[in-house]
Amino acid sequence: MKNVVCPILENRALTATVWRMRLGVSCELKPGQFLNIALAGKYLRRPISVCDWDKESVTILYKVVGRGTEQMSRMAPGECLDVLLPLGNGFDPDCAGDAPLLIGGGVGCPPIFGLARTLVARGIKPRVILGFNTASEIILADDFRSLGLKVTVTTADGSEGVSGFVTDVEDLSCSYYYACGPEPMLRAVYNKIEASGELSFEERMGCGFGACMGCSCKTKYGNKRICKDGPVLKKEEIVW
Amino acid sequence: MVDTRVTLCGIEMDNPVIPASGTFGFGYEFAELYDINCLGTFSFKGTTAEPRFGNATPRIAEFEGGLLNAVGLQNPGVDAVIAKELPKLREVFHKPVMANVSGFSVEEYVTVVEKLDTCPEIGWFEVNISCPNVHGGGMSFGTDPKAAEEVVCAVRRVTKKPVIIKLTPNVTSIADMAKAVEAAGADGVSLINTVLGMRLDLKKRKPLLANTTGGMSGPALLPLAVRMVWQVYNAVSVPIVGLGGVSTAEDVIELMLAGATAVQVGSANLVDPWAAEKIVHTLPETMEKYGIKKLTDIIGGAH
């Protein structure tokens, strides 16, 4: 973990509520890890998962849900952010097998994108299912397609793609799956897909690096901290 | 060269800076980031007789001047602390450590202290009678002078190590509580623990914390801590460990002027993991700025 003050290179709206921000920072990252961002006037940092990264930048996608993220959305390129990174365990691409399935729901899609790019670089072509409430909230679908991947989009209101939830997609067969999204989606995925997999969880955090015990959860192998021992948990260890 | 050394209940420390219990685990998370031997000492995670998961999540909320937590004393229990945590701590920290203990009955406090008393790495006991996030224990001992005296007397009998009692600000007169624990045999007091608070989720119209209430901490508490340390300094003669909203070397000096012999740093560690190290490193230059040659000279200096 390191603490950097880095410039915002890009900050623009993708939908009515989701923004893409690119930060000028170089860091070794694993897909599924996150940043913890300090904001002026806010005491706690904001944990945001990493979508993508290259040698000189890290890209995050964030949803404006409160005053902190609203403040982020008003920041301009050239302004700087104080960031702790990398945080969390991230996904384990070694488990993918030959036909993995990636499932993202809403703002759970960004960490899945970084994982997709990592798998593609290893010559593995995962299938991708992205779930949203409605067509206007769709993010990243074209980015996944530009990696040469088959993408199935679902919308709860049926305004685009498959009508319903990610688990309403007919073919959910896979060698292994990786999922990130709201907890009801994770539960549904956990219950429906027989293959083994990894699920990325969200929790209100204090520190983000394992010190405060603010985001603890019970697992079959003892108590874990979502921020440090997660946010990715193996299917086999989850206690709902 | 300024002299940052202080002596707390007979044990000399290189400086008065102590990461507070519950913000520093058992030290080794932070030892990956910096050499934690630069600290005066640190107070490890509040330990109970049995393992505790703590409260349901969400356990964390925020406000302008800090945060609220309702962790609820999550810890692996005293036996696992001795078997697993302390050996790891020993590898990264080579000074006497402060053992923070908690309980739900007088007997539990005694059990935990008795077991930890055999561990040579422990310099002081910090007995938490002020946790606001558990029911039937913690703060219920710290708001009733009689109950507090009972805990102190019982713990006093089972250890020769210094016993520091951690006090809650959620009382009408913290000076009276400090007098009560001093009379019962406490070697020192630490204050303040968190202030009981609460926040609501406006969309759900429900409390933000699963526990409903939580303990407030962070910079907003500093004036409250200064006032209470000041009052307790006037009331007792045992040393005071001051804490509450400390995030700079200036804050350390302010609490010492109010009457603290040593100072704990809590929430600041959570937003800047290097906060305690920065305070240690900026303390000498801050002392010079205010014309302080020897830190012990300023204890209670504002009175």
Side-chain angles (χ1 to χ4, degrees), chain A residues 1-5 35-47 64-71 81-89 183 201-231 233 239-240, chain B residues 19-30 32-33 45-46 51-76 80 133 201-203 208-210 214 216-220 245 247 266-276 278:
Chain A
M1 176 173 65
K2 61 180 179 178
N3 185 199
V4 291
V5 176
L35 320 179
N36 218 358
I37 301 174
L39 296 170
K42 298 279 174 281
Y43 192 67
L44 294 176
R45 291 167 181 269
R46 266 56 187 169
V64 176
V65 291
R67 278 183 287 178
T69 40
E70 197 269 331
Q71 191 174 322
L81 282 174
D82 177 309
V83 175
L84 287 176
L85 83 169
L87 299 173
N89 59 351
E183 196 176 303
F201 287 81
E202 207 173 42
E203 186 53 82
R204 276 191 186 258
M205 292 176 187
C207 63
F209 55 87
C212 74
M213 302 291 161
C215 61
S216 298
C217 69
K218 289 177 182 170
T219 76
K220 285 176 190 161
Y221 309 117
N223 301 332
K224 292 205 169 182
R225 298 158 293 183
I226 292 295
C227 70
K228 173 96 178 178
D229 310 309
L233 298 180
V239 179
W240 293 105
Chain B
S21 180
T23 66
F24 213 72
F26 290 88
Y28 46 84
E29 305 285 355
F30 288 83
E32 291 174 20
L33 307 177
K45 178 73 187 154
R52 280 181 58 81
F53 174 70
N55 293 321
T57 58
R59 297 174 173 184
I60 302 287
E62 190 187 32
F63 70 104
E64 294 282 312
L67 73 144
L68 290 89
N69 90 81
V71 170
L73 295 175
Q74 179 177 346
N75 80 94
N133 295 324
D201 182 325
L202 300 189
K203 284 180 191 155
L208 266 172
L209 295 166
M216 293 163 61
S217 62
S247 40
S267 304
N269 295 306
L270 306 180
V271 288
D272 175 3
W274 289 269
K278 284 175 190 165

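A, B, ... follow the sequence lines: proteins, then strands. Residue 1 opens every chain.
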Exercise. So, are A:Arg46 and B:Glu62 salt-bridged, with charged N and O less than 4.0 Å apart?
Worked result: yes
Exercise. So does B:Glu29 pair up with A:Lys228, basic N to acidic O under 4.0 Å?
Worked result: yes
Which region of [X], side chain (C-beta onward) or backbone (N, CA, C, O), has a non-hydrogen atom less than 4.5 Å from a non-hydrogen atom of chain A, or is it both or neither?
{"X": "B:Phe26", "answer": "neither"}
{"X": "B:Asn75", "answer": "neither"}
{"X": "B:Ala61", "answer": "backbone"}
{"X": "B:Pro273", "answer": "both"}

Problem set entry | For A:Arg45 against B:Val271, the heavy-atom pair lying closest together | NE-O, 2.7 Å
Going from [atom1] on [X] to [atom2] on [Y], what distance comes out if it is rounded to the nearest 0.5 angstrom?
{"X": "B:Asp272", "Y": "A:Asp82", "atom1": "CG", "atom2": "CG", "result": "7.5 Å"}
{"X": "A:Cys212", "Y": "B:Phe24", "atom1": "SG", "atom2": "CZ", "result": "14.0 Å"}
{"X": "B:Trp274", "Y": "A:Leu84", "atom1": "CH2", "atom2": "CG", "result": "6.0 Å"}
{"X": "A:Phe201", "Y": "B:Thr57", "atom1": "CZ", "atom2": "OG1", "result": "11.0 Å"}
{"X": "A:Glu203", "Y": "B:Ile60", "atom1": "CD", "atom2": "CD1", "result": "9.5 Å"}
{"X": "A:Cys207", "Y": "B:Leu67", "atom1": "SG", "atom2": "CG", "result": "10.0 Å"}

Is any side-chain heavy atom of [X] closer than 4.5 Å to a side-chain heavy atom of [Y]?
{"X": "B:Glu64", "Y": "A:Tyr43", "answer": "no"}
{"X": "A:Met213", "Y": "B:Lys45", "answer": "yes"}
{"X": "B:Arg59", "Y": "A:Ser216", "answer": "yes"}

Exercise. Can you name the residues that form a side chain to side chain donor-acceptor pair (under 3.5 Å) with B:Tyr28, not counting sequence neighbours?
Worked result: B:Glu85, B:Lys88
Problem set entry | Structural part of A:Ala211 lying under 4.5 Å from a heavy atom of chain B | both
For this session: Please flag which part of A:Asn223 lies under 4.5 Å from any non-hydrogen atom of chain B: side chain, backbone, both or neither.
Result: side chain
Problem set entry | Closest-packed option against chain A by number of heavy-atom pairs under 4.5 Å, given B:Ala56, B:Gly66, B:Pro58 | B:Gly66
